[in-house]
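What follows is one structure encoded as structure tokens, with my remarks underneath.
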Amino acid sequence: MSQKNIFMMRAIELSIESAKSTGGPFGSVIVKNKKILAEGSNKVTMNNDPTAHGEIVAIRDACKKLNTFNLSGCDLYSSCEPCPMCLSAIYWSRIENIFYANTRIDAKSIDFDDSFIYSEINKDLENRKIKMFQMHREEALEAFKIWENKKDKIKY
């Protein structure tokens, strides 16, 4: 069995373990230098945390282990195509490749439906279900000005 298959089978194993216990049926592993660096399974209901998806749990663990927010050189194996939140976190963390098993259509068939979120992202702000109101922009720009002029900032 190839290493990629082993990594994916571990993500699937985590998803099965999670489905049998208190989490949702999702699991992920992050690989660096051909070794599993971090693992995660869905802990949304266990932790009362809507952001505790398998990919996010794995990303947090990998960043902690490497003491960095930058996961360049890492690959993510997920039992399912990442949702919009997880996909954003994957991009922010600079993971290089995503390998997945189940699709978002498969997830939708068991009531994990992200199609609403995907459609909301493309809408103009005033047409989204959750209303957004801008306030105190001028005051808030002060932090951006400070950041822009900061000499010792760490870009991310």
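Starting from 1, each residue takes its place in the sequence as its number. Side-chain atoms are counted along with the backbone in the values below, which use heavy atoms only and exclude waters and symmetry mates.
Taken to the nearest 0.5 Å, the CE atom of Met132 stands 5.0 Å off from the CG atom of Leu125. The line from CG of Leu37 to SG of Cys63 is 9.0 Å long, rounded to the nearest 0.5 Å. Taking CZ of Arg128 as the reference point, atom NZ of Lys123 lies at 9.5 Å (rounded to 0.5 Å). From Glu120, atom CD reaches atom CD1 of Ile130 across 7.5 Å, with rounding to the nearest 0.5 Å. Note that CE of Met85 is 9.0 Å distant from CG of Asp114, once rounded to the nearest 0.5 Å. Between Glu81 atom CD and Cys86 atom SG the span is 11.5 Å, to the nearest 0.5 Å.
Aromatic ring pairs are classed by plane angle as parallel below 30°, tilted from 30° to 60° and perpendicular above 60°; the pair Tyr77 and Phe99 is parallel.
One side chain, Asp106 or Thr103, offers a donor N or O that lies under 3.5 Å from an acceptor on the other. At a cut-off of 3.5 Å, with distance as the only test, no side-chain donor of Asn70 or Thr68 sits close to an acceptor on the other residue.
A heavy-atom distance below 4.5 Å is found between the side chains of Met9 and Ile12. Put simply, the side chain of Asn42 reaches to within 4.5 Å of the side chain of His53, judged on heavy atoms. Using a 4.5 Å heavy-atom threshold, the side chains of Lys35 and Asn33 count as separate. No side-chain heavy atom of Ile36 sits under 4.5 Å from any side-chain heavy atom of Ile6. Between Ile59 and Ile95 there is a side-chain heavy-atom pair separated by less than 4.5 Å. Two residues are said to be in side-chain contact when any heavy atoms from C-beta on lie closer than 4.5 Å; Phe112 and Cys80 fail this criterion.
Each of Ser79, Ser18, Ser41 was scored for a side-chain contact (heavy atoms from CB on, under 4.5 Å) with Phe26, with one residue passing: Ser79.
The backbone N or O of Cys83 lies less than 3.5 Å from no partner atom in the side chain of Arg104, so there is not a single donor-acceptor pair.
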- Task: Apply salt bridge (charged side-chain N to carboxylate O under 4.0 Å, His left out) to the pair Lys145 and Glu148, showing each step before the final yes or no.
- Result: CA-CA 5 Å; Lys145 290 173 187 171; Glu148 185 176 36; over 6 Å; no

- Query: Would Glu17 and Arg10 satisfy salt bridge (charged side-chain N to carboxylate O under 4.0 Å, His left out), going step by step from the backbone distance to the final call?
  - Reply: CA-CA 10 Å; Glu17 290 171 6; Arg10 179 59 183 151; 3.7 Å; yes

